[in-house]
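I have placed the structure first, in the form of structure tokens, so that the comments after it can refer back to it.
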Amino acid sequence: MSTAPAGAPAPTPLLARTVPIADPGDLLDLLPRPDAAATVSWVRRGDGLVGWGVAARVDTHGATRMVDADAWWRETAGTMVVRDDVRLPGTGPVAFGSFAFSRRSDSGGTLLVPQVLVGRREGRSWLTVVGPAGLGPTPSLAACRGEVTPVTGPGEVSFTDGALTSEEWQQAVAEVVATIRGGEVEKVVMARDVVARTGADLDVRHLLRNLADQYPTCWTFSVDSLVGATPELLVRRDQGLVACRVLAGTIQRTGDDAADLRRAAELARSSKDLGEHELAVASVAEALGPYCSSFNVPDSPFVLHLPNVMHLASDVTGVLDRSHSGGPSSLALAAALHPTAAVGGTPTARAVELLAEAERMDRGRYAAPVGWMGADGDGEWGIALRSGQVTGPRSVRLFAGCGIVAASEPAAEARESEAKLTPMRSALTS
């Protein structure tokens with residue numbers, strides 16, 4: 001593994017070699033080892049990217065953590081020797097990243113290039129190997145995997161309160177509601193954490209497999225020990241087109257199809273949830289405006305059905321303004337968008353100040369950008385929701401958040417947070 005300061009190229013010239021391969025089967029089943037720090041994943045509906053090992057890496061901090069990482073990647077990718085026989089999004093050199101929610105967080109940010117990457121898109125599969133320039137031909141997938149260790153379960157799992165108990169968190173929510181009703185802000189997104197401890201050393205592949213099976217329409221990710229399945233796409237940049245999926249407004253599922261259809265209709269008519277959603281969409285449109293020559297904002301949201309909850313969702317799309325040096329990279333767009341009203345609040349700057357005080361914790365990389373980009377700047381960045389940070393061989397810090405508005409009831413928000421913790425709890429205990 002090589003680590004470089006922001007703005008400096010990788011210390012050793014690298015060769016990125018991509019070749020087509022036969023369909024390798026389930027991508028997550030290819031991961032050879034349990035190490036969360038050196039395993040990357042971005043998989044949805046069976047397609048996507050998985051990788052292992054670290055060929056290059058940068059760690060950044062502070063307000064410019066994403067900007068610095070973006071600059072490092074441009075320089076690093078620019079020095080690489082690239083032999084790409086496939087030429088699809090996700091081929092050639094690819095960097096995976098995750099970043100802290102707050103510029104003040106000790107968690108900073110990480111952008112890393114895996115040594116081995118396997119991808120699949122629209123029926124085509126490929127293998128990318130990154131290593132010192134001058135290496136021989138790309139080895140086979142079997143050789144790249146090396147010795148494969150069997151996937152192991154976590155044993156008995158226990159959960160304890162994080163920074164606040166449920167009762168303390170509800171009290172904090174009540175205080176935020178009072179502030180909102182006083183007119184200082186319109187919305188504050190409050191997060192809470194829970195600590196999971198396992199009886200055996202954690203195998204990240206166990207988590208990823210369960211998340212992908214239970215939430216196939218979400219993006220199942222793993223980057224630098226941050227693991228989850230997010231339903232929210234912060235931004236995708238693909239050949240000049242930009243897309244964002246905005247989620248705000250949530251209702252828990254009951255497990256009864258007829259009852260859930262009624263609840264979906266209630267969600268679609270809820271003035272509280274529609275108002276919350278409108279604020280989130282507006283914040284995305286405002287942030288994208290300077291970077292797009294045109295974009296489209298839907299008139300009304302649709303209801304996104306997930307196994308545990310339903311969300312109001314809107315897909316915002318645009319055409320990138322490439323008049324200045326090809327336009328911003330996908331990571332630069334993610335930096336411009338973060339934090340959206342969906343994960344911070346409205347007005348966002350003041351809401352983020354309030355949540356930092358009310359939550360009484362450092363969110364780390366929860367609710368911040370996580371994803372990947374190629375050498376051309378195209379890529380996909382999600383918001384790290386329904387996620388956990390692996391903090392030790394047998395510990396994971398789980399997160400969930402809720403949008404608090406004037407009409408919010410603390411007990412109802414606590415129930416919503418429990419529903420949003422379900423994916424990670426279930427992935428650990430299944």
Side-chain angles (χ1 to χ4, degrees), residues 60-70 98-109 163 169 172-193 232-235 242 244-249 272-273 275-292 295 297 314 316 318 328 331-370 381-385 399-408 413:
T60 59
H61 296 86
T64 60
R65 59 199 179 284
M66 285 178 267
V67 174
D68 291 343
D70 190 39
S98 68
F99 297 88
F101 180 86
S102 170
R103 66 182 184 274
R104 299 185 181 91
S105 173
D106 292 336
S107 297
W169 189 78
V173 169
E175 293 168 2
V176 167
V177 169
T179 301
I180 293 171
R181 290 175 179 172
E184 189 172 342
V185 291
E186 295 178 73
K187 172 185 171 183
V188 177
V189 181
M190 286 277 290
R192 57 180 290 227
D193 65 333
E232 189 156 2
L233 183 68
L234 178 61
V235 64
V242 178
C244 306
R245 171 162 287 185
V246 183
L247 304 183
K272 177 259 188 187
D273 290 292
E276 179 186 342
H277 188 82
E278 184 178 354
L279 293 172
V281 172
S283 76
V284 168
E286 181 180 0
L288 276 183
Y291 302 98
C292 292
F295 60 92
V297 179
S314 292
V316 178
L331 179 55
L333 290 170
L337 285 162
H338 177 76
T340 67
V343 295
T346 307
T348 303
R350 179 56 181 146
V352 168
E353 291 178 0
L354 288 173
L355 71 86
E357 180 180 348
E359 290 174 354
R360 300 175 206 168
M361 68 174 183
D362 181 348
R363 288 186 176 190
R365 297 184 182 185
Y366 169 72
V370 60
W381 296 89
I383 299 177
L385 306 175
F399 298 90
C402 302
I404 310 302
V405 294
S408 294
E413 300 298 340

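Quick caveat: nothing in here was measured; it's all calculated off a predicted structure.
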Euclidean distance, Glu175 CD relative to Ile180 CD1, rounded to 0.5 Å: 12.0 Å
Heavy-atom check, side chain of Leu385 versus side chain of Val343, under 4.5 Å: yes
Close side-chain approach of Val370 and Arg365, heavy atoms under 4.5 Å: no
Are any side-chain N or O atoms of [X] and backbone N or O atoms of [Y], one a donor and one an acceptor, separated by less than 3.5 Å?
{"X": "Glu232", "Y": "Leu247", "result": "yes"}
{"X": "Lys187", "Y": "Gly403", "result": "no"}
{"X": "Arg181", "Y": "Ala406", "result": "yes"}
{"X": "Tyr366", "Y": "Asp193", "result": "no"}

Nearest heavy-atom neighbours spanning Ser408 and Val177: O-CG2, 3.9 Å
Minimum-distance pair of heavy atoms, taken over all atoms of Ala163 and Glu359: CB-O, 4.2 Å
Verdict with reasoning, Ser314 to His277, per side-chain contact (heavy atoms from CB on, under 4.5 Å): CA-CA 9 Å; Ser314 292; His277 188 82; 2.7 Å; yes
The single option from Thr340, Leu234, Val284 passing side chain to side chain contact (heavy atoms under 4.5 Å, CB included) against Val246: Val284
Neighbour count >12 (heavy atoms, 6.0 Å) for atom CD, Glu286: no
Row check, Phe99 ring normal vs Arg65 NZ/CZ: under 6.0 Å, within 45°: no
